[in-house]
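Only heavy atoms go into these numbers, but all of them, side chains included; no hydrogens, no water, no symmetry mates. The shown structure was predicted, so the numbers you read here are calculated from the model rather than taken from an experiment.
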Amino acid sequence: MNISSLVAQNYAASKTATAPDAGSSGNAILGAAKDFMSTMQASENTAMQAMTTGADPHALVEALAQTELAVQTAVTVRDRVVEAYQEILRMPI
């Protein structure tokens with residue numbers, strides 16, 4: 001599976017996803033943070049192995065692509081949270 005199709009699938013899934021209820025939103029955020037950290041750690045380990053032992057360069061490129069996707073997703077989520085916060089601040093009291 002190439003990165004373009006993976007990004008397209010994730011984008012389509014985010015557009016059709018429904019908002020979670022208040023009880024599960026904390027669990028969803030915690031799960032997303034854990035997934036992000038595990039992706040970053042796996043990519044770091046793959047990069048270290050590729051640089052020290054000369055492991056498969058294809059695995060390194062794949063790990064870097066996954067890391068890039070994870071960082072882009074985190075930035076998008078951050079931007080949407082900031083946008084929502086700013087919208088709340090603009091609400092009249």
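Side chain of T39 to main chain of A70: no donor-acceptor pair is present (N/O by atom type, distance under 3.5 Å, no hydrogens or angles). Side chain of S38 to backbone of D35: a donor-acceptor contact under 3.5 angstrom is found.
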Query raised in the report: Could you walk me through whether T73 and F36 pass the side chain to side chain contact (heavy atoms under 4.5 Å, CB included) check?
Result: CA-CA 9 Å; T73 303; F36 177 79; over 6 Å; no

Query raised in the report: Under the side chain to side chain contact (heavy atoms under 4.5 Å, CB included) criterion, do E62 and T46 qualify, and how do the steps go?
Result: CA-CA 9 Å; E62 194 173 307; T46 302; over 6 Å; no

Report task. Would you please test V75 and R78 for side chain to side chain contact (heavy atoms under 4.5 Å, CB included) and show each step? Result -> CA-CA 5 Å; V75 168; R78 180 211 55 196; 3.7 Å; yes

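For the residue pair A63 and S43, the shortest heavy atom distance occurs at O-OG, 3.1 Å.
Contact check for E83 versus D79: no side-chain heavy atoms found under the 4.5 Å cut-off. Here the side chains of T67 and E44 are not in contact, with every heavy-atom distance at 4.5 Å or above. Using a 4.5 Å heavy-atom cutoff, the side chains of R80 and V77 are not in contact.
Atom CE of residue M51 and atom CG of residue L60 lie 6.0 Å apart, to the nearest 0.5 angstrom.
Paired with Y85 under the rule side-chain contact (heavy atoms from CB on, under 4.5 Å), one option of L89, V81, V82 passes, and it is L89.
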